[in-house]
Structures are given as structure tokens and as C-alpha cells.
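To keep things clear, I will list the structure first and then write my remarks on it.
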There are 4 protein chains.
Amino acid sequence: MAGPGRRGPKRSEEARVAILEAAARRVMTDGYDHLTMEGVATEAKVGKQTIYRWWPSRSALVADCLAERLLLPELFVPDDSGDLHADVTRWLDNIVGFLNAPGNAGLLHSLVVAAAENPDVAAILNDRLGLWEMLDERFTQAVTAGQLPPTTPVPELGDALIGAIVLRGLRNGDLGPTFTQGLVQLLLPPRET
Amino acid sequence: MAGPGRRGPKRSEEARVAILEAAARRVMTDGYDHLTMEGVATEAKVGKQTIYRWWPSRSALVADCLAERLLLPELFVPDDSGDLHADVTRWLDNIVGFLNAPGNAGLLHSLVVAAAENPDVAAILNDRLGLWEMLDERFTQAVTAGQLPPTTPVPELGDALIGAIVLRGLRNGDLGPTFTQGLVQLLLPPRET
Amino acid sequence: MAGPGRRGPKRSEEARVAILEAAARRVMTDGYDHLTMEGVATEAKVGKQTIYRWWPSRSALVADCLAERLLLPELFVPDDSGDLHADVTRWLDNIVGFLNAPGNAGLLHSLVVAAAENPDVAAILNDRLGLWEMLDERFTQAVTAGQLPPTTPVPELGDALIGAIVLRGLRNGDLGPTFTQGLVQLLLPPRET
Amino acid sequence: MAGPGRRGPKRSEEARVAILEAAARRVMTDGYDHLTMEGVATEAKVGKQTIYRWWPSRSALVADCLAERLLLPELFVPDDSGDLHADVTRWLDNIVGFLNAPGNAGLLHSLVVAAAENPDVAAILNDRLGLWEMLDERFTQAVTAGQLPPTTPVPELGDALIGAIVLRGLRNGDLGPTFTQGLVQLLLPPRET
DNA sequence: AAATAAACGAGACGGTACGTCAGGTCTTAGA
DNA sequence: TCTAAGACCTGACGTACCGTCTCGTTTATTT
């Protein structure tokens, strides 16, 4: 967009940040479906056109918020302590703990809606957030280490894990220890003791 | 709403059906997020008030469409042939086949959005559609029959199965045989040969 | 627009009047070029769409204000006392007095702009206001009565009279007795005494 | 361009002319009310600031276009052949011919609007264009020569003449020979035969 | 039968937000 | 230091729908 030998003023970093922060704040408080461009513009003290100049839609705005870690600040990297059960359990507890935190009640709903409405958001959630990537890595490592059978369908394992969480979350179902332990027991081979 | 000794005309079944069909058509063609009450009213040749008289919101409308099987006509009942692998594989192929069908491209997205925005829709998808219920039943039966270990966390198994499908669908990812076979292999114990 | 056997609610006279009055007020205070649809809507406590439903543009709004005598309440009918000089002088003084009145400073400018931008406004000023028509009538009568030569080009006489006033007004020039007397002397044959 | 011993570039004559020509072109084609600063800047390949540096408003731009004869190239100087009727008739025909020329349809409207909205434009039209001045001169000469009575209110005569034209033009009325002849007959004393 | 009342189609109403256009100011890089 | 480019905040544009509220018509019960 901005060539190297471009004339004119540079994009205002101040405005950019103010917009993203306002958008993230609105999503957290009111949910994605009550997010409006005008609301963001007002809250960010910015002209509407400044938003539309750089983002084509509110979902693109949310995608950028995600990319800048303004909505999901934590990375949820699974540990690699050698104990797969423990690592996955801890990872699950982290995520579930985050989703159960007071302010994050509607966040999952918002992100799912945003992702369903805009492939870019889905892509960001996929790639930039790295949930799948990190799980794949950890599970591939587990296969190498013999903690998982070599025939394990790693991608499906990730989908099943995250999918179960999302589904439960959408239904406002139980996201407690019963759930996480059930998942671990279901998806990981019995711990050899 | 309509007392026994009520005066005046009865609720018009014609209008009711026209509205639901128009709504279902719109969701199928344009997606849930482009569904508008005015659009439905126009397409159903009905006054807006007639919609608002009976449904409080567009998501309630979609919930009713679901309940009337106008959006998901099939029931996806898992077989019980005694061969769990085969039954689950067939069930998965049915669902995936439906989702991959030409007209149903955006349907999953629409339903997820509707469910995320309105708990009633989520409840309908849960209860009335009976996906979880039927899976639970089949898996419980499998536990009884010794096809699954008695410790199997049945609810989580259902969530993992459906969750993986939904997640893949949302990302427009591969919903082919590799995926379904991977899921079966992952979630069911190895077939005893 | 509204057929005779139309169902539905009737057009709200309250809203119609509020809009016209707000528009007229704005034109009087701020001038036609600062007239905005949003301003009118706000001042009339009306939705914007209610304005656009009935008037296609702000000039149409002004045209209607004129037609309803909200901007030019007086009719400026020339007398017919038999004394043409006196009658025309009185008519001129009326008009000039109106234009010179405190609140009406920018009105002429506004109306000229509105008329130049929208033929409908021009037509209203022509026909409904009846300036030309009344002058034509008076002058035709004068021709009949022998107060004007039979060859008098009556339409041009009206244009010259009104045109001179408009031109002076636009330039914020002198609109005093010198001007009116000059016009009378110029355009009417010398008084026979 | 830059004189010797001068620091920094002088005002770009190229830019100035390009701006004025673009503005004049826009007024001729789209009319004054569709004239935009951004449009002129784009068409003149000039930064907006370069316009605002030298002209405070679009009406000032139009005023300058007038002053540079980019909009009204002709001067409309009345002849002084000794025959007042002929001279005025010729002058009227010139003006009317210009206004009736194909490309000049909306020009009168545009100029009237610009003049009504901005006194500077009105002043330019008054002074620089010299319509009134030249008419005054010619009529004063006519008075001296005895072609007009000594009591003729010369300024009002000019206003009546030009005002009639403007009014007719605004109403898109007839600007043909009937009109011009009528005006001459009305405003000038009968030709002495 | 007449009166009554609800449901219907139509659509006007006050609003909110949309996405765009232009205004006028300010900033940057190039000549 | 003037220019071309263009980002910025502001505000109005005209449109799409929202959910509510009349209208006048059409049924279906009571009285």
C-alpha cells in the first residue's frame, strides 16, 4: 500500500492502536455481534473513514485484534515435560481456566461467530494463534517418543480436542475437571504405570 | 396465546408455513447473517407484524426452521449393526456427505453463528436434533456390548466427534475419507481382528 | 402514492408539518446552503427516512415550504385602484419592504439558489406564488384601461420588474425608494396629469 | 521559474492554471453545485493543499475563473453606432446567443448560485465582468446624445435589462427574438422614424 | 343477525448503523 | 519552500433494517 518512495504522511500508529484497542474492548464487553464501526470510531476518537481506510469490515478488525493478541493474550503452548498426560491436562486446564474466567464469558461465542462469518478470522485463529500447530508439534513429538502409537492421526486429534472444548463452550456446558479428564482419558492411550 | 373460548380468526397455518419456508430458503441461499425479517416478510408475502407476533427474533425463526426439519431434513441416526467401527464410519460419512453437498456449503457456518448468538438455537440443535442423544445411546450400547471399555467418557466422546467435524467445517478444511477414518481410528479402540 | 382503498396507516400529518416547519426555520436562520436533511430530521424529531419517504431532496423540501407559504407568507398582490403608478409603487414597496425586513436578509439568496438548483422550486416560485401571474393580470388590465400602450410586452415587463429586484437583492444593493421610483419611472409611461 | 537569489520555488504557474482550468471545466460540464475541491485537485493533478493555499473556497475559485475569462470569454461590450435600438438589440442578441449555445446551458444557473452564495463572486460579476459598467456608459452616452430622456434612471435600466435575462434564463424560459425585441420595446423610447 | 375481537397484508414511524463522499487541516518526501 | 500525495477528524449523504404502531379487511366467535 505504501510504496518506499511514497510522499505524504505515514499511517498514524496512534490511530491504528486506538482503533484496535477500542474494538477489542467492545468485543470483550458487548460481544462481537454488538460491535459497530461507529462505536469503535467514537470510542477510539477517530473518523470512520480512518477505520475503513485500513480495514474492510468489522471482522477484519477482529482478525487484527487477534493477530495483535488483544483478545487472546495467552499462547496456550503445551509443555513438553515428557509426561504427555500431564502436559495435555495442564494445557486443557489452562484453556478451560481462561474460558471460565469472569471477563471471558462471551469471548468464545464472539470468536466463533467472527470466524464463521469471515474466513480471515478463521485463518488467523488457525495460523497466527497457533493452537493447532502447537498441538500438532507436541503430539508429533509424542509419537516420536513412543507416547502415542505411530498410527495416531495427529491433525484429527487436535480437532477433536479443540472441537470438544468449543462445542461445550458454545453450549455453556460444563468445562470443569470432569470434562478435561474425560477428554484426556478418551484421546490419550492409558498411562503406562 | 389462543384461549379456548377465543374470538376471532385462528392463526393462519398458511402464513406460518410461508414464513418458515421463506426463512429456511434465505438461510440456505444467503446465510444466516444476511437473513432479515423484512426479507422474510417480503418473500413470504406476509406483514412484518405477523412474524413478530409469533417469533421474537430471527434466531427464534431459525430455531423453528430447525425444529421443523426445514434446514436439516436428515436425522443422522447411527446404526446399530453390532459393528461399531462400521456404524460410526457410516454415520460420519452421512454427516460429512451432507455437509459437502452442493447446496449446504454455508449451512454449518449459519447454524454455528445462530447457535452462538442464541441459546435457544443451541438448545434446539442439542435436543430436538438429537445428535448427541443418539450418539450417547449408541455408545452406551457399545459399552454394554463390550465394544468400548466401560470407562469410556461417553459425553466427551460425542463432543469430540461432533466438535472435530464442526471445527473442520468452519475452517472449510478437508471433510473427506482421510478425516473420517482418522477420527474413527482415533476415538474408537482398535478393531479386534 | 396512497391509493384510495389503501390499507396501512395514513401519512402522519404531524410529522409532515414538523418537517416542513423545521426546514423553513433552518432556511430562514442558516440559509439554504446550510440546510441539511439530518438537521431537519433532528429538529423535527423525525427519522431521516420519513423525510426521504416523501421528499427526494432538500430542494423539494424547500419547494414544499414555499407551496405551503412557510417561507413567503405574503402574497404580494398588486392593487387595482385605477392608478397604475400608485399600484405598482405600492407593490414594489411591499416587496422591497419584505426583503429589507430584519429576518429576511438571506431569504432571497436562498430562494434563488434553490430555484437555480431545482426546476421544481423554480416552478413553484413561478406558478404557485403567482408573482408573474398577478403582475401579468394587472398589466393586462392596465393595457385594457389604456394606462399602458397596447403594444406593451407584458411578460417582459414582469420579468424586468422582478429581475431588477432580484439582481439588486443578490448584490445586496440599495433597495430603497430611489430604486423603486427609478423602476416605476423607467417601466411605466409618464403619468398623465 | 525561480528568480536568481530566491530561496525555494516560486508559486507554480503551471499548477495555478491547471487548477483554474480544471475548475472551469467542471463548472461547465457538471455545474457549480457539483464542483468539488477534490475533483478539481484530481483533475488538475494537484494536491488539495495547493488549492487551499491560494483559494479559500470553491466560490473563490469560480470567482478567479471568471476574472480570467475562463467561464465567460466574451465581453459583451455594447456598440455605440449612434443607433441605440440597434446597439442594444445587438448586445441582447449576443448575450442571449451565448446563453443559448449548446455548452452553456447550465452556466447561468451555476453563476447565479455562485454569486448568491459568495459576495466575492457577485462582486467579480459586477465589476470585473463590467456588464453594468458598460451598459451604464452606453446609456449615459445615450442620454447625452438625446437618445434617452435626461431623467432616465440609468442604473435601474441596467438592472431591468440584465435582471430580465437572468430571470428568464433561470426559468429556462424563452430567450428568443420575441423576448429581446420585447425588452427593447419596453425599455427604450420608441424609435423616431 | 349484530357486535366484538383477533389475525392478517400493508406500510408509516422514530431510530441505529451502514459504507461513501467531501470538507478543510496537517504531515511527509521530493524537487 | 512550494508541491503532490494523501492520512486525519468531521459531518452529511442516502439506504437498509430494526421493532413498534396504526390502518382497514377478513374471519370466527360470542351475545
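Letters A, B, ... are given to chains in the order of the sequence lines, protein chains preceding strands, and every chain is numbered from 1.
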Practice prompt. Let me know, please, whether A:Pro9 or B:Pro9 comes out on the 5' side of the other along DNA chain F by nearest nucleotide.
Written response: A:Pro9

Worksheet item: Tell me: CG of D:Leu61 to P of E:dG23, nearest whole Å?
Response: 11 Å

Discussion item. Less than 4.5 Å apart, side chain to side chain, heavy atoms only: is that true for B:Arg171 and A:Leu125?
Written reply: no

Under 3.5 Å, sequence neighbours excluded: what are the donor-acceptor pairs made by side chains of residues 13-31 of chain B?
unit_1, atom_1, unit_2, atom_2, d
B:Glu13, OE1, B:Arg16, NH1, 3.0
B:Glu13, OE2, B:Arg16, NH1, 2.4
B:Arg16, NH2, B:Glu68, OE1, 3.0
B:Arg16, NH2, B:Glu68, OE2, 2.8
B:Arg25, NH1, B:Glu43, OE2, 2.5
B:Arg26, NE, B:Glu43, OE1, 3.0
B:Arg26, NH2, B:Gly39, O, 3.4
B:Arg26, NH2, B:Glu43, OE1, 3.4
B:Thr29, OG1, B:Arg25, O, 3.0
B:Thr29, OG1, B:Arg26, O, 3.3

Item to complete: Give the rounded distance in Å between these two atoms: CZ of A:Arg11 and C1' of E:dC26.
Response: 18 Å

Practice prompt. Give the nucleotide from the list E:dA29, E:dC13, F:dT30 with an atom nearest to the side chain of A:Arg7.
Written response: E:dA29

Worksheet, complete the sentence: Against the side chain of B:Glu38, the closest entry in E:dT27, F:dC23, F:dG19 is F:dG19

Discussion item. Can you confirm whether C:Ile124 sits close enough to C:Val62 that some side-chain heavy atom of one is under 4.5 Å from a side-chain heavy atom of the other?
Written reply: no

Worksheet item: How far does NZ of B:Lys48 sit from OG1 of B:Thr36, to the nearest 0.5 angstrom?
Response: 9.5 Å

Discussion item. With nearest nucleotide decided by heavy atoms, which residue, B:Ala44 or A:Tyr52, maps closer to the 5′ end of DNA chain E?
Written reply: B:Ala44

Fill in: C:Arg53 vs E:dC13: side-chain N/O to OP1/OP2 distance below 4.0 Å
yes

Worksheet item: Mapping B:Gly8 and B:Gly39 to their closest nucleotides on DNA chain F, which lands nearer the 5' end?
Response: B:Gly39

Worksheet item: OP1 or OP2 of F:dG24 sitting under 4.0 Å from any side-chain N/O of C:Lys10?
Response: yes

Worksheet item: Taking atom P of F:dA12 as reference, at what distance in whole Å does atom CD1 of C:Ile51 sit?
Response: 13 Å

Practice prompt. Figure out the CG/P separation between A:Asp33 and F:dC18, and round it to whole Å.
Written response: 14 Å

Worksheet item: Where the side chain of C:Gln49 is defined as all heavy atoms beyond and including C-beta, which of F:dC18, E:dG15, E:dA22 is the nearest nucleotide?
Response: E:dG15

Worksheet item: Rounding to a whole Å, what distance do you find between D:His34:NE2 and F:dC13:P?
Response: 14 Å

Discussion item. Taking the nucleotide of DNA chain E with the nearest heavy atom to each, does B:Glu13 or A:Arg58 sit closer to the 5' end?
Written reply: B:Glu13

Practice prompt. Using whole Å, report how far NZ of D:Lys45 lies from P of F:dC2.
Written response: 24 Å

Discussion item. Using the side-chain heavy atoms of D:Thr50, tell me which of these nucleotides is nearest: E:dT4, E:dG23, F:dA4.
Written reply: F:dA4

Discussion item. Could you tell me how far apart D:Arg26 (CZ) and E:dC21 (P) are, to the nearest whole angstrom?
Written reply: 14 Å

Worksheet entry | Interatomic distance where CH2 belongs to C:Trp54 and P belongs to E:dG14 [whole Å] | 12 Å

Discussion item. Under 3.5 Å, is there any donor-acceptor pair linking the side chain of C:Lys48 to the base of E:dG15?
Written reply: no

Worksheet item: Any side-chain N or O of B:Arg6 less than 4.0 Å from the OP1 or OP2 oxygen of E:dA7?
Response: yes

Worksheet item: D:Thr36 has a side chain; which of E:dG14, E:dC8, E:dG23 sits nearest to it?
Response: E:dG23

Worksheet item: Under a 4.5 Å cut-off applied to non-hydrogen side-chain atoms, are C:Leu111 and C:Leu71 in contact?
Response: yes

Worksheet item: Which part of the nucleic acid, if any, lies within reach of D:Trp55 when heavy atoms closer than 4.0 Å are counted: base, sugar-phosphate only, or nothing?
Response: nothing

Fill in: pair C:Tyr32-C:His109: side-chain heavy atoms closer than 4.5 Å
no

